[in-house]
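All values derive from a computational prediction rather than experimental measurement. Residue numbers begin at 1 in each chain, while the letters A, B, ... track the order of the sequences. Only heavy atoms go into these numbers, but all of them, side chains included; no hydrogens, no water, no symmetry mates.
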Protein chains: 2
Amino acid sequence: MSNAAVSEHQPIPRMKSEDRRELILEAATGVFGQYGYYGATTDQIARAAGVSQPYVVRMFGTKERLFIEVIERALVFILRSFRAVLAEGDQDLRARLGSAYVELLRQRGLLLSLMHSFVLGGDPVIGPRARQGFLEVYAFLRDEAGFGPDDANRFLEGGMLLNTLVGLRMSDEFETSDAANEMLCAALPQKLDLLLELGKSQQADA
Amino acid sequence: MSNAAVSEHQPIPRMKSEDRRELILEAATGVFGQYGYYGATTDQIARAAGVSQPYVVRMFGTKERLFIEVIERALVFILRSFRAVLAEGDQDLRARLGSAYVELLRQRGLLLSLMHSFVLGGDPVIGPRARQGFLEVYAFLRDEAGFGPDDANRFLEGGMLLNTLVGLRMSDEFETSDAANEMLCAALPQKLDLLLELGKSQQADA
DNA sequence: GTCTATATGCGGATAGAC
DNA sequence: GTCTATCCGCATATAGAC
């Protein structure tokens with residue numbers, strides 16, 4: 001048995017700070033997405049990332065700074081994804097952006113972490129970042145995607161309802177409630193299968 | 001100096017359990033609306049209600065039960081308000097229901113407490129209640145208001161964006177950001193003045 | 001009905017070893 | 001780069017007086 005095998009068993013898997021950082025941000029995104037800023041603990045995040053709790057704090061300074069990094073990273077993903085859609089053409093832009101947004105659900109907790117930040121607008125440090133993030137998306141829709149105020153609004157409305165339904169885990173009721181079923185079908189023209197699939201996998205985790 | 005004056009100074013203002021209960025629920029609604037379930041403390045709620053922290057816990061058993069009562073009470077207000085609109089006629093139903101919804105912002109934290117519950121769908125006790133509440137509103141729109149699936153969906157989309165903008169305190173940016181200004185105007189056809197007014201008063205509190 | 005005092009547990013953060 | 005041990009503060013909840 002090689003040394004490599006031994007250090008896999010008692011893992012002190014050193015890696016570059018940058019990589020570890022990304023790993024923790026991903027884990028934190030999932031945990032914050034589920035429990036929100038206050039509800040999530042640095043210990044949960046650490047376990048999800050496979051590192052020790054003090055290490056998480058050490059790397060990001062405070063839980064608050066970690067949360068800020070999580071939501072700023074989430075925003076980067078959203079805008080990157082939207083710009084990729086834009087680069088592919090102008091046909092059906094609204095539908096394709098909507099589709100891209102739903103696809104972001106694959107990154108667990110990404111949209112929900114943001115959603116949690118949106119309802120903490122009163123917080124003196126989270127609030128301003130959250131507003132800025134939201135406004136950046138709005139600016140993208142207006143200036144880059146060329147939406148008018150009404151179209152931009154419509155798009156955001158749909159996005160916020162989607163976030164809410166995901167946060168609610170409404171997909172859990174898909175089979176048990178006709179109303180839930182109907183609502184989900186109306187809210188997600190396509191992509192319903194993705195939502196249900198992700199819903200099941202996260203039920204399995206928990 | 002009379003005894004009455006003394007007991008005003010050291011106030012032990014006994015009141016009926018029911019009244020005190022309502023007072024605390026109101027205070028809790030405001031605090032939960034601002035900080036969410038995990039972020040709010042029973043002590044903040046107690047101070048907002050003008051009672052001691054242990055009394056709050058004593059009266060509701062646990063913080064969790066208090067939160068559940070807050071969101072169920074919020075739902076009662078929403079449905080009561082919607083049914084009142086319905087009783088006044090069928091003209092312009094969508095707009096009038098929307099308007100009634102915005103008016104509920106007057107009850108501080110009512111819509112936001114619900115919103116916070118919506119993003120905690122993974123919680124084993126909050127989640128089911130939150131889903132049920134959301135589905136009750138949907139059922140109202142479909143069965144009582146006579147909306148079709150698409151109209152119901154549209155209505156909920158608008159509601160969720162409103163909740164989000166309020167949670168974000170986007171009205172804080174009304175004067176400083178053109179984008180925020182435009183967005184708010186598009187999101188609230190009428191009633192923008194109400195939002196701005198409430199925004200100012202809550203800035204004053206904090 | 002309401003308070004004061006307090007027990008208890010948990011979570012964020014720090015110190016320091018390896 | 002990463003861990004273990006631990007401190008400290010805060011928040012929920014309990015006990016019991018008035």
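Nucleic acid contact for A/Met59: none, since no nucleic acid atom lies under 4.0 Å from a heavy atom of the residue. Within the 4.0 angstrom heavy-atom criterion, only backbone atoms of the sugar-phosphate kind lie near B/Ser17; the bases stay farther away.
Across the protein-nucleic acid pair, A/Leu23 atom CG and D/dG1 atom P stand 14 Å apart, rounded to whole Å. Here C/dT2 presents its C1' atom at 15 Å from CG of B/Asp19, a figure rounded to the nearest Å. Taking atom CZ of A/Phe60 as the reference point, atom C1' of D/dT2 lies 14 Å away to the nearest angstrom. In this entry the distance linking OH of B/Tyr55 with P of D/dA11 reads 22 Å, nearest Å. Remark: P of D/dA11 and OH of B/Tyr35 are 11 Å apart, rounded to the nearest angstrom.
Between the CD atom of B/Glu182 and the CZ atom of A/Arg142 there is a distance of 4.0 Å, given to the nearest 0.5 Å. Remark: A/Arg21 CZ to A/Met15 CE distance equals 13.0 Å, nearest 0.5 Å. With values rounded to the nearest 0.5 angstrom, A/Leu105 atom CG is found 9.0 Å from A/Leu110 atom CG. Atom CZ in B/Phe147 sits 5.0 Å away from atom CG in B/Leu97 (nearest 0.5 Å).
A cation-pi arrangement is absent between B/Arg58 and B/Tyr55, since the terminal nitrogen or guanidinium carbon is not both under 6.0 Å from the aromatic centre and inside a 45° cone about the axis.
In the helix from C/dG1-D/dC18 to C/dC18-D/dG1, the terminal helix axes, each the rotation mapping four pairs' C1' atoms onto the next four within five end pairs, subtend 10°, rounded to 10°.
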* Structure fact -> Protein heavy-atom contacts under 4.0 Å, written 5' to 3' over nucleotides 7-18 of chain C as B (base), S (sugar-phosphate only) or - (none), form the string ----SBBBBB--
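Using a distance-only test at 3.5 Å, with no hydrogens or angles considered, no donor-acceptor pair links the side chain of B/Lys200 to the main chain of B/Asp172.
Between the side chains of A/Arg131 and B/Ser177, no donor-acceptor pair is found at a separation under 3.5 Å.
At most 12 non-hydrogen atoms from other residues, nucleotides or ligands lie less than 6.0 angstrom from OH of B/Tyr35.
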